[in-house]
Amino acid sequence: MLASVVFVPSAPLLVPALAGRLAVDTDEVRAATRAAGRDLAGTASTWIAIGATDTDVDQVGTAGTFLPYGVDVPVFLDAADVGGRADDTRGLPLSFLIAGWLRAEAGAEVVTPVPVTPGATPARCAQLGAELAGRVDGESEPIGVLVVGDGAISLSPRAPGGGLRETAVRLQQVIDDALGTADAAALAGLDPEVCAAEGVGGRPVWQVAAALCAGRRMHGELRYARAPFGVGYVVAVWTPQ
């Protein structure tokens, strides 16, 4: 049973220990992400996280650390593993580090990862989403879905994508509108080549979520949609009606 779907950025700056005390320009996105995570935990203690892998390998571990991003903040996808020794050496890509961190922040029990390779085609994403819908609908207990991904990377003069591009701004507006209004069809229709050109890393995970929600009546709520460092960060909540 689908409880709700929450969309958050895939950004290390969400973690206070990595952002630092002076990173006040990211307070708003961090607060919005934490609040959305708490809302998701309020509807379901068991989560499924849809996230992009860092490579074309679609297998991930169960625990990891933010050490590659500057600080050794341990992350566990299952609360039962906290304090133990992580024997799984596969580690976690950034998207699932964020998912595990938010699980702990929100007080959820466990996150089951659904890894999606960065180059997954829309057809493959639709297949994964349909399979995921069957899994979720087959559960008698509520399942929360967390979707972790970023938008365009050229939304300000100093953006990491090489500065401000109007094509990126227009694409990001389409993404923001789709996530804010629960427009699954618009997400499913995102062009992989156009998204790749603008550095939109969230495209495949959003398309998996779109397929998961296809045919369902969903209410969308946009909690945050800005680009504090020239990268499109969106926090949104979709609730079944």
Side-chain angles (χ1 to χ4, degrees), residues 1-11 14-15 29-53 58-66 73-82 84 86 88 90-116 125 128-150 179 182 184 187 202 204-213 216 218-221 223-224 234-240:
M1 178 173 59
L2 180 62
S4 63
V5 183
V6 165
F7 298 82
V8 301
S10 182
L14 295 174
V15 182
V29 63
R30 192 177 302 112
T33 298
R34 280 172 153 169
R38 289 193 297 268
D39 289 348
L40 188 62
T43 65
S45 62
T46 298
W47 294 359
I48 288 174
I50 307 171
T53 57
D58 62 357
Q59 298 293 319
V60 302
T62 58
T65 174
F66 279 101
V73 178
V75 170
F76 298 88
L77 297 185
D78 191 330
D81 294 336
V82 175
D88 192 333
R90 289 175 295 178
L92 293 171
L94 177 58
S95 59
F96 294 109
L97 288 172
I98 295 296
W101 167 79
L102 190 58
R103 175 206 63 74
E105 289 287 308
E109 294 179 6
V110 62
V111 177
T112 299
V114 176
V116 186
C125 294
L128 288 171
E131 293 171 355
L132 185 56
R135 286 170 54 187
V136 171
D137 291 341
E139 294 289 338
S140 58
E141 298 297 322
I143 302 295
V145 176
L146 181 69
V147 188
V148 187
D150 291 338
L179 292 176
L187 293 180
V205 298
W206 295 332
Q207 290 187 325
V208 172
L212 164 66
C213 295
R216 305 177 196 262
M218 306 291 289
H219 170 74
E221 180 186 359
R223 300 281 187 89
Y224 179 94
V234 181
V235 178
V237 178
W238 291 11
T239 306

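Nothing here was measured: the structure is a model prediction, and the numbers come from that model. The basis for the numbers below is simple: all heavy atoms, side chains too, and nothing from hydrogens, waters or symmetry mates.
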In this structure, CH2 of W206 is separated from CD1 of I50 (nearest 0.5 Å) by 12.5 Å
[Y] and [X], any side-chain heavy atoms less than 4.5 Å apart:
{"X": "Y224", "Y": "V29", "value": "yes"}
{"X": "D39", "Y": "E221", "value": "no"}
{"X": "V145", "Y": "L2", "value": "yes"}
{"X": "T46", "Y": "E141", "value": "no"}

> Does any N or O in the side chain of R223 come within less than 3.5 Å of the main-chain N or O of A236, such that one atom is a donor and the other an acceptor?
Replying inline: no
Nearest non-hydrogen partners of [X] and [Y], listed with the distance:
{"X": "P9", "Y": "V148", "result": "O-CG1, 3.4 Å"}
{"X": "C125", "Y": "A211", "result": "O-CB, 4.1 Å"}
{"X": "A49", "Y": "V111", "result": "CB-CG1, 3.4 Å"}
{"X": "A184", "Y": "A210", "result": "O-CB, 3.3 Å"}
{"X": "G64", "Y": "L92", "result": "N-CD1, 3.6 Å"}
{"X": "D150", "Y": "S10", "result": "OD1-N, 2.7 Å"}

side-chain contact (heavy atoms from CB on, under 4.5 Å) with L128: of V205, L212, V208, only one passes, and it is V208
Would you list the atom pairs, donor with acceptor, under 3.5 Å between side chains in residues 93-106 and any protein atom, with sequence neighbours excluded?
residue, atom, partner, partner atom, Å
S95, OG, A52, N, 3.4
S95, OG, A52, O, 2.7
R103, NE, F76, O, 3.0
R103, NH1, A108, O, 3.0
R103, NH2, F76, O, 3.2
E105, OE1, R34, NE, 3.0
E105, OE1, R34, NH2, 3.2

By side-chain contact (heavy atoms from CB on, under 4.5 Å), T43 pairs with (sequence neighbours left out) A3, S4, L40
Check: residues 130-139 side-chain donor-acceptor pairs under 3.5 Å, at least two apart:
residue, atom, partner, partner atom, Å
E131, OE2, Q127, NE2, 3.4
D137, OD1, R216, NH1, 3.1
D137, OD1, R216, NH2, 3.1
D137, OD2, R216, NH2, 3.2

